[in-house]
Amino acid sequence: MQLKILITGTYNAGKTQFIQSISEIEPVKTEKRIVSHSGNEKEKTETTVAMDFGRITIDDEIALHLFGTPGQDRFDFMWEILSEGILGYVVLVDSSDSESLEQTRRILKFFECVNAPFVVAANKQDVEGAADLDTIRDKLSLPEDVPLIPCVALERESVKQVLLSLLFKVSDLLEE
Amino acid sequence: MINRESTSLSAFFLGLKRDTRGVQQVFIFPKSQEKDESLFHRNLRYLILALSDRISLQQIWVETTHSSIVVRVTRHFVLGAVLNEKANLALVSALTGRIASKVDSYFDSFRRTDTRILENRIQDRIDETMASSRSTGTSRLELQVDGLSISGTVVVTVPSQEEVSTMKERIQGIVEEEVPFFCENKVSVDIKTEIALFRIRGLTRQTLSKVIQRIQGM
């Protein structure tokens, strides 16, 4: 049995890194170089154009697959395809970028129609000046029952906490 | 058995109602049944009753300056249409004549029909509709026939709130086409949404516990 969790979020929110931190296999990435004219060395140089894929083997029969969506608007047709049959999804937010918060609202709206459990992970909490959870919840107009978890996608322990939060939510729904 | 002929007759009636230029209203009601009828139906029935004493009545045309009413009288039914000046009288006459010539045999065959046949036809069409959309929901329906009215509920489950209104419109269209046009359609359509994970085959709490334990142990 293959279970599937979707990792979504805006461009540069850290989806590829999130999968990389927890996947037991080297994640399958579909990254392309970005042509940038800004000359900013810290700027992201590659972006996902189809999906990222990671896997966690549960036992001989069960595997958990992690699919990362492309973050750029022009690839949003992939979101619908990738959301088919998911257990739930994680919406990653770049806490250090206020523009990302605005764009996340559109992603949240899109995924409403998927009707699956989800959590929001406030990534890049280790970056100086990152928005705190209250600000993020407020800016995204997130209801209190939607879990909002601080996250640093570079750290496996942090990624684990996000996934567990989603899995506990799924578990609650199954119990109901 | 509801045959191909009866289905095409239903399509004729729906075509007269929806697609024929100048047709403002169509009506059909049983000659013998008096309950739940409107003032229009009652007056028409009295007129037909009064005239039938004197002549063998098949068709009545009532014409005014800007509109007209065509009425066809069959063994079991009174049917017709209210028209405005845009209507093509010859076309409407042909359509109502076609329906009138077949409706009694259609009605006789309907009375011999098992409700399950009608349920199966509706179920098949709902399944086709759902298969052709992104929706992978489920459906359930139960119908009861009481004289010339069909009641019951069609429950369809779709994966998202966004699909509710479109799906409801489609299912209502199917029901309207499949319920014989001379029957009062009292079938309600209920569209529910289902959380996506309940459609994952084989997903149990035990499976999920294994996943949680594995992640915790990483």
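If you're wondering where the values come from, they're calculated on a predicted model, not measured in any experiment. Worth knowing before you read on, the calculation uses all heavy atoms, side chains too, and leaves out hydrogens, waters and symmetry mates. Protein chains get the first letters and strands the later ones, always in sequence-line order, with residue 1 at the start of each.
The environment of CD in B:Gln25 is crowded: more than 12 heavy-atom neighbours from other residues, nucleotides or ligands sit within 6.0 Å. Atom NZ of A:Lys169 has more than 12 heavy atoms from other residues, nucleotides or ligands within 6.0 Å. In this structure, B:Glu169 places its CD atom where only 12 or fewer heavy-atom neighbours from other residues, nucleotides or ligands lie under 6.0 Å away. A 6.0 Å sphere centred on CD of A:Glu99 holds no more than 12 heavy atoms belonging to other residues, nucleotides or ligands. Within a 6.0 Å sphere centred on CZ of B:Arg116, heavy atoms belonging to other residues, nucleotides or ligands number 12 at most.
In this structure, chain B has heavy atoms under 4.5 Å from both the backbone and the side chain of A:Leu167. Within the 4.5 angstrom heavy-atom criterion, only side-chain atoms of B:Leu208, from C-beta onward, approach chain A. In this structure, no portion of B:Gln213 lies under 4.5 Å from any heavy atom of chain A. For a residue to count as touching a neighbouring chain, one of its non-hydrogen atoms must lie under 4.5 Å from one of that chain's; by this rule B:Ser209 does not touch chain A.
For residues 147-161 of chain A, heavy-atom neighbours of chain B at less than 4.5 Å comprise A:Arg156, A:Lys160, sorted by residue number.
For A:Met1 against B:Leu203, the heavy-atom pair with the smallest separation is CE-N, 3.4 Å. Minimum heavy-atom separation, B:Met218 to A:Ile56: SD-CG2, 4.0 Å.
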Going through the distances and angles, do A:Asn115 and B:Val158 end up as a side chain to side chain contact (heavy atoms under 4.5 Å, CB included)? CA-CA 10 Å; A:Asn115 205 14; B:Val158 292; over 6 Å; no
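Separating the CD atom in B:Gln206 from the CD1 atom in A:Ile62 is a distance of 8.0 Å, to the nearest 0.5 Å. Residue B:Thr204 holds its OG1 atom at 8.0 Å from CG of A:Leu174, rounded to the nearest 0.5 Å.
In summary, B:Arg214 and A:Glu24 engage in a salt bridge, as defined by a charged side-chain N under 4.0 Å from a carboxylate O.
For the pair B:Thr207 and A:Leu3, the minimum side-chain heavy-atom distance is below 4.5 Å.
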